[in-house]
Amino acid sequence: MPRTVAEAEAVQDRLRPLVDLVGPGPTAPRTVAGLDVAYAEDGERLAAAVTVLDAATLAVLDTAVTTGRAAFDYVPGLFAFRELPALLTALDRLTVQPDLLVCDGHGLAHPRRFGLACHLGVLTGRPAVGVGKTPLIGDWTEPGQRRGSWTPLLDGTEPVGRVLRTQDGVKPVFVSVGHRMDLDNACAQVLRLAPRYRLPETTRAADRLCRTELRRSAGRG
DNA sequence: GCGACAG
DNA sequence: ATCTTGTCGC
């Protein structure tokens, strides 16, 4: 793990070329993982969760959770270093391997084109997509109000992701490629995973799990 | 120089 | 991320 901003940026620049942008990624993944982290009030203690869902039924097939400490200060653009160690630990504890990782944060929609979803994809070798609730970089126009409507997320003239409406009238989410996926497929998968709520069921399941674990372990580990 | 800034 | 009440809508 890097300890300084300069070291962390160097790591991203070194790993960025390893991102597979060819895609298209699995059209019909059988298993999809959601990853999320919850923090205690001190912003240090955390719980990281991974949930593996059946892509067709959205039933939970496997879960893994771990507690720990933030591995890096929060710096926009270097956010991944905070949660990476804990998320990798949780991923190691899975018994059902996911065909796709759905990450809570951005992928290519990042200042150096290497957000959390790219980082997790490269380190695990698995297809990955980033789903952010708020933007980090880029300009866009409001997509239509209907579920499935989207507009390009542009960094200058470069498309780095999409602003996607996952439910009628809700705030859109920011979808970007992480690894071994193309943008069309990434958005198609996110839409399939979000049949009822704004966020993918994978993310929702992981969010519940890590929050519960954080309270259950209140105080120490 | 100033504002913006994933979770 | 987390701290927080009520409130509007299905």
Side-chain angles (χ1 to χ4, degrees), chain A residues 1 5 8-9 11-12 15-16 19 34-51 65-90 101-122 128-140 145-147 153-156 160-164 166-179 186 190 195-200 202-219:
Chain A
M1 280 294 293
V5 166
E9 291 179 342
V11 170
Q12 293 183 328
L15 296 180
R16 183 169 50 75
V19 173
L35 302 87
D36 194 26
V37 173
Y39 293 85
E41 293 180 40
D42 60 14
E44 267 290 298
R45 203 171 64 82
L46 58 76
V50 183
T51 55
V65 62
T66 185
T67 57
R69 300 212 142 258
F72 205 85
D73 288 330
Y74 173 65
V75 179
L78 301 180
F79 161 66
F81 294 99
R82 238 175 126 62
E83 312 189 333
L84 218 42
L87 287 173
L88 291 173
T89 296
L101 305 180
V102 177
C103 309
D104 196 20
H106 299 102
L108 294 179
H110 175 279
R112 284 173 298 285
R113 305 291 181 271
F114 197 73
L116 175 66
C118 298
H119 210 140
L120 279 166
V122 166
V129 304
V131 180
K133 296 182 286 294
T134 62
L136 173 59
I137 63 159
D139 302 304
W140 69 94
Q145 291 301 310
R146 304 296 290 185
R147 164 180 154 87
L153 178 61
L154 299 171
D155 187 9
V160 294
R162 280 180 194 169
V163 185
L164 176 67
T166 54
Q167 297 297 324
D168 292 358
V170 304
K171 265 183 61 177
V173 297
F174 298 78
V175 178
S176 58
V177 166
H179 186 56
V190 169
R196 167 132 196 226
Y197 298 99
R198 179 192 177 219
L199 296 179
T202 37
T203 300
R204 287 165 45 78
D207 179 78
R208 272 172 300 180
L209 179 55
C210 60
R211 286 197 196 201
T212 299
E213 178 61 21
L214 192 63
R215 294 179 206 160
R216 194 194 68 70
S217 65

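Small disclaimer: the values here were computed from a predicted structure and weren't measured. Residue numbering restarts at 1 for every chain, and letters A, B, ... go by the order of the sequence lines.
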Using a cut-off of 4.0 Å on non-hydrogen atoms, how would the nucleic acid contact of A:Leu46 be classed: base, sugar-phosphate, or nothing? nothing
Taking the basic N atoms (NZ, or NE/NH1/NH2) and the acidic carboxylate oxygens, is any pair closer than 4.0 Å for A:Asp36 and A:Arg204? no
Measure OH/A:Tyr74 against C1'/B:dA4 and give the value in whole Å, please. 11 Å
d(CZ, A:Phe72; P, B:dC5) in whole Å: 21 Å
A:Leu35 and A:Asp104, any side-chain heavy atoms less than 4.5 Å apart: no
Could you tell me whether A:Leu78 contacts a base, only the sugar-phosphate backbone, or nothing, with contacts defined as non-hydrogen atoms closer than 4.0 Å? base
Min side-chain heavy-atom separation A:Trp140-A:Pro172 under 4.5 Å: no
Rounded to whole Å, please give me the gap between CD in A:Glu83 and C1' in B:dG7. 5 Å
From CG of A:Leu108 across to C1' of B:dA6 the rounded distance in Å is 14 Å
Flag, side chain of A:Arg147 to backbone of A:Thr166, donor-acceptor distance under 3.5 Å: yes
Base, sugar-phosphate, or nothing for A:Gly115, non-hydrogen atoms under 4.0 angstrom? base
Rounded to whole Å, please give me the gap between CG in A:Leu87 and P in B:dG7. 14 Å
Roughly how far, to the nearest 0.5 Å, is OG1 of A:Thr212 from CG of A:Asp207? 9.0 Å
Rounded to the nearest 0.5 Å, how far does CG of A:Leu116 lie from CZ of A:Arg82? 12.5 Å
State, yes or no, whether a side-chain contact exists between A:His119 and A:Val11 at a heavy-atom distance under 4.5 Å. yes
Report yes if the side chains of A:Arg113 and A:Asp155 come closer than 4.5 Å at any heavy-atom pair, otherwise no. yes
Measure from CZ on A:Phe81 to P on B:dG7 and round the result to the nearest Å. 17 Å
Output yes when at least one side-chain N/O atom of A:Thr134 is less than 4.0 Å from OP1 or OP2 of B:dC5, else no. no
Using a 4.0 Å heavy-atom cut-off, write out nucleotides 3-10 of chain C from 5' to 3' as B (base contacted by protein), S (sugar-phosphate only) or - (no contact). S-------
A:Arg216 side, atom CZ; A:Leu209 side, atom CG - distance, nearest 0.5 Å: 10.5 Å
C:dA1 OP1/OP2 closer than 4.0 Å to side-chain N/O of A:Arg45: no
Can a side-chain donor-acceptor contact be found between A:Thr51 and A:Arg208 if the only test is distance below 3.5 angstrom? no
Atom CD of A:Gln12 and atom C1' of B:dA6 are separated, to the nearest Å, by 12 Å
Want to know the stems of DNA chain B: at least 3 consecutive Watson-Crick or G-U pairs with distances under 3.5 Å, which are they? none
Can you tell me if A:Lys133 touches the phosphate of B:dG7, counting only side-chain N or O atoms and a distance under 4.0 Å to OP1 or OP2? yes
To the nearest angstrom, how far is A:Asp139 atom CG from B:dC5 atom P? 11 Å
When we call it a touch if two heavy atoms are under 4.0 Å apart, what does A:Gly77 touch: a base, just sugar-phosphate, or nothing? base
At under 4.0 Å between heavy atoms, what does A:Pro135 touch on the DNA or RNA strands: base, sugar-phosphate, or nothing? sugar-phosphate
Would you say whether A:Tyr39 stacks on B:dG7? The test is a distance between ring centres of less than 5.5 Å and an angle between planes of less than 30°. no
A:Ala38 near the nucleic acid: base, sugar-phosphate alone, or nothing, with a heavy-atom cut-off under 4.0 Å? sugar-phosphate
